[in-house]
Peer 1: 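Attaching a single structure in structure tokens format; questions to follow.
Counting from 1, the numbers follow the sequence of the chain as shown. Ligands are counted one by one from 1 in listed order, and the atoms in each one are counted from 1 as well.
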Amino acid sequence: MSQSTRVLVTGGSGFLGGHIVQHLFQDPATTVAIVSRKPKSTSSDARISYHAADITDETRIKALFDEIKPHAVIHTVSPHHTDAASALIRTNIDGTKTLLKAAKACHETQAFVYTSSDSALQPTQVPLTEDKAVLYTETHYVRCYGMTKAVADALVQAANGSELGTAVIRLPSIYGEDDTNFLPQLVSGLRKKEHKMQVGKNKKVFEFVYVKKAAEAHILASRALLDSQKAPAVAGQAFFISDGIPQPFFDFARKCYAAAGSPVKPEEVTSIPLGAMKVMASLGEWIYFIFTLGAKTPTLRRDGIDHLDGGACWSIEKARRILGYEPVADQDEAIKISMDWAMKNC
Ligand SMILES: NC(=O)c1ccc[n+]([C@@H]2O[C@H](COP(=O)([O-])OP(=O)(O)OC[C@H]3O[C@@H](n4cnc5c(N)ncnc54)[C@H](OP(=O)(O)O)[C@@H]3O)[C@@H](O)[C@H]2O)c1
């Protein structure tokens, strides 16, 4: 970043947001303001400030922009994909609108980068480019989480203009140190000795991204938006970011198990039909709903199983060409580092 750049990171205490903050800190001239409902103070460095705020609170968000006057906003906030539809709509759609309005009204704010998701897009099995990608809409979608991520993705692209440059970073499943979702689930499966099971035929490919590279992509985009020479090519654009190695979901999971010292031979794999898992997951959700009146939800969720029926296959050529993004040089090494962390911490 250039001299004295102020960056506001929403969700900066979360998994991805935390890595973005660490990466931003590598530049001594950058100051970072973390905004989330309960930000975790992890550093006493004067260059970092913590601000408790719900992004849907318009008055509070406007006051924060008046106080921080950020040059760039990196917006990573989202509820978990299994959260209630009302929370997803309020946070991802209304919250993103609130941030965009505040960013546009703040004279100093020139760049706005949003974290989108593979869940926002119709699945593909051949390398997809951004110009061919189809976002879900409020009237055509499969899962509420994906719909809200898609609507926010489109809102951020459309908000691009002379007073604010915007960009969207689209990510698949993220793995890496401090993960609270994906790797903990793999470790839990390993400890319950469920790691030799797979759901479905494991034919559809998915993208994955190492968290430090996902973080770097956001910073490349925000830097470019603040650079008058680079900004025109980036402003109003969406970028696919991944490790660039599409592969079947359980192939990736088994690489993680092997890195944790528990390799699975092909002949040891037990397959559960996808259709059967969908029925089991739906039944489980109904039983939990009836007996807990919606207070608890099962670990096995229908939308998680539906996700396995989707898949993603992306071209990252646009990000390489325009942002200068390079995926992780050695995915096996990144998996090893991630699983070493996960086995010690999950
Ligand atoms: N993890 C993945 O595999 C993955 C894949 C694709 C895309 N993404 C996207 O990447 C982004 C980051 O994901 P993550 O896995 O890092 O999630 P995360 O660890 O749960 O971080 C999200 C943060 O958002 C904050 N937050 C939630 N609701 C808020 C609200 N109303 N106002 C203010 N802050 C709020 C939470 O902090 P507080 O509790 O303190 O508010 C939380 O720390 C999300 O946009 C997600 O959709 C993630």
Peer 1: Taking only heavy atoms of Thr115, which atoms of ligand 1 are found under 4.0 Å from at least one of them?
Peer 2: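 Close to Thr115: 9 (C), 10 (O), 11 (C), 45 (O).
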Peer 1: Which atoms of ligand 1 are found less than 4.0 Å from any heavy atom of Phe15?
Peer 2: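 Going through ligand 1 atom by atom, the ones under 4.0 Å from Phe15 are 15 (O), 16 (O), 19 (O).
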Peer 1: Nearest protein heavy-atom contact for atom 22 (C) of ligand 1: which residue, which atom, what distance?
Peer 2: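 Protein heavy atom at minimum distance: Ser78 O, 3.9 Å.
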Peer 1: Are any non-hydrogen side-chain atoms of Val168 and Thr166 less than 4.5 angstrom apart?
Peer 2: no
Peer 1: Applying a heavy-atom cut-off of 4.0 Å, say which part of Ala53 lies close to ligand 1: side chain, backbone, both or neither.
Peer 2: backbone
Peer 1: Counting from 1, what ligand 1 atoms have a heavy atom of Ser116 closer than 4.0 Å?
Peer 2: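 In order of numbering, the contacting atoms are 7 (C).
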Peer 1: Please list the nearest protein heavy atom to atom 16 (O) of ligand 1 with its residue and the distance rounded to 0.1 Å.
Peer 2: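 Looking at atom 16 (O) of ligand 1, the protein heavy atom closest to it is Leu16 N, 2.9 Å.
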Peer 1: Can you list the ligand 1 atoms lying under 4.0 Å from a non-hydrogen atom of Thr76?
Peer 2: 11 (C), 12 (C), 44 (C), 45 (O)
Peer 1: Would one find an N or O of Ser36, backbone or side chain, under 3.5 Å from an N or O of ligand 1?
Peer 2: yes
Peer 1: Would you call the rings of His75 and Tyr114 parallel, tilted or perpendicular, where under 30° means parallel and over 60° means perpendicular?
Peer 2: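 The arrangement is tilted - the two ring planes meet at 30° to 60°.
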Peer 1: When you measure from atom 31 (N) of ligand 1 to every protein heavy atom, which one gives the shortest distance, and what is it?
Peer 2: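 Going atom by atom, the protein heavy atom closest to atom 31 (N) of ligand 1 ends up being Asp54 OD1, 3.1 Å.
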Peer 1: Which residue supplies the protein heavy atom nearest to atom 34 (N) of ligand 1, what is that atom called, and how far is it?
Peer 2: Val77 CG2, 3.4 Å
Peer 1: Any atom of ligand 1 sitting under 4.0 Å from a heavy atom of Asn181?
Peer 2: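 It does not; every heavy atom stays at 4.0 Å or beyond.
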Peer 1: Check each atom of ligand 1 against the heavy atoms of Gly14 and keep those under 4.0 Å away; list them by number with element.
Peer 2: 19 (O), 21 (O), 43 (O)
Peer 1: Are Leu135 and Arg170 packed together at the side-chain level, in the sense that at least one heavy-atom pair is separated by less than 4.5 angstrom?
Peer 2: yes
Peer 1: Identify, by atom number and element, the atoms of ligand 1 in contact range of Pro172, meaning under 4.0 Å from any of its heavy atoms.
Peer 2: 5 (C), 6 (C)
Peer 1: Hey, is His80 touching ligand 1 through its side chain, its backbone, both or neither, going by heavy atoms under 4.0 Å?
Peer 2: neither
Peer 1: Which of the atoms of ligand 1 are close to Lys38, meaning less than 4.0 Å from one of its heavy atoms?
Peer 2: 38 (P), 40 (O), 41 (O)
Peer 1: Under 3.5 Å between some N or O of ligand 1 and some N or O of Ile55?
Peer 2: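 Ile55 vs ligand 1: N/O contact under 3.5 Å present.
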Peer 1: Do Lys204 and Gln125 have side chains that get closer than 4.5 Å, going by heavy atoms?
Peer 2: yes
Peer 1: Within the 4.0 Å heavy-atom shell around Ser173, which atoms of ligand 1 are there?
Peer 2: 3 (O)
Peer 1: Does any part of the side chain of His218, heavy atoms only, come nearer than 4.5 Å to the side chain of Leu16, both counted from C-beta?
Peer 2: yes
Peer 1: Does a side-chain heavy-atom distance below 4.5 Å link Glu326 with Glu216?
Peer 2: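 Glu326 does not reach Glu216 side chain to side chain.
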Peer 1: So which of Lys149, Arg37, Glu207 gets nearest to atom 39 (O) of ligand 1, if we judge by its closest heavy atom?
Peer 2: Arg37
Peer 1: Among protein heavy atoms, which lies nearest atom 4 (C) of ligand 1, and at what distance?
Peer 2: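 Closest protein heavy atom to atom 4 (C) of ligand 1: Ile174 CD1, 3.5 Å.
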Peer 1: Less than 4.0 angstrom from a charged side-chain N to a carboxylate O is my criterion; do Asp340 and Lys336 meet it?
Peer 2: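 Yes.
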Peer 1: Could Glu108 and Arg6 be called an ion pair, given the rule that one side-chain N must be under 4.0 Å from one carboxylate O?
Peer 2: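 No salt bridge links Glu108 with Arg6.
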Peer 1: Starting from atom 46 (C) of ligand 1, which protein heavy atom do you reach first, and at what distance in Å?
Peer 2: Tyr145 OH, 3.5 Å
Peer 1: Report yes if the side chains of Lys69 and His107 come closer than 4.5 Å at any heavy-atom pair, otherwise no.
Peer 2: no
Peer 1: Just to verify, which of Ile93, Leu100, Leu99 counts as forming a side-chain contact (heavy atoms from CB on, under 4.5 Å) with Thr96?
Peer 2: Leu100
Peer 1: Quick check on atom 24 (O) of ligand 1 - does any protein heavy atom sit closer than 4.0 Å to it?
Peer 2: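 Yes, at least one protein heavy atom sits under 4.0 Å from atom 24 (O) of ligand 1.
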Peer 1: Quick check: Phe249 with Phe206 (ring centres under 6.0 Å apart)?
Peer 2: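 Ring-ring flag for Phe206/Phe249: true, centres closer than 6.0 Å.
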Peer 1: Verify, without hydrogens or angle tests, whether Glu177 (side chain) and Ile337 (backbone) share a donor-acceptor contact under 3.5 angstrom.
Peer 2: no
Peer 1: Is the closest side-chain heavy-atom distance between Trp314 and Leu121 below 4.5 Å?
Peer 2: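 In contact.
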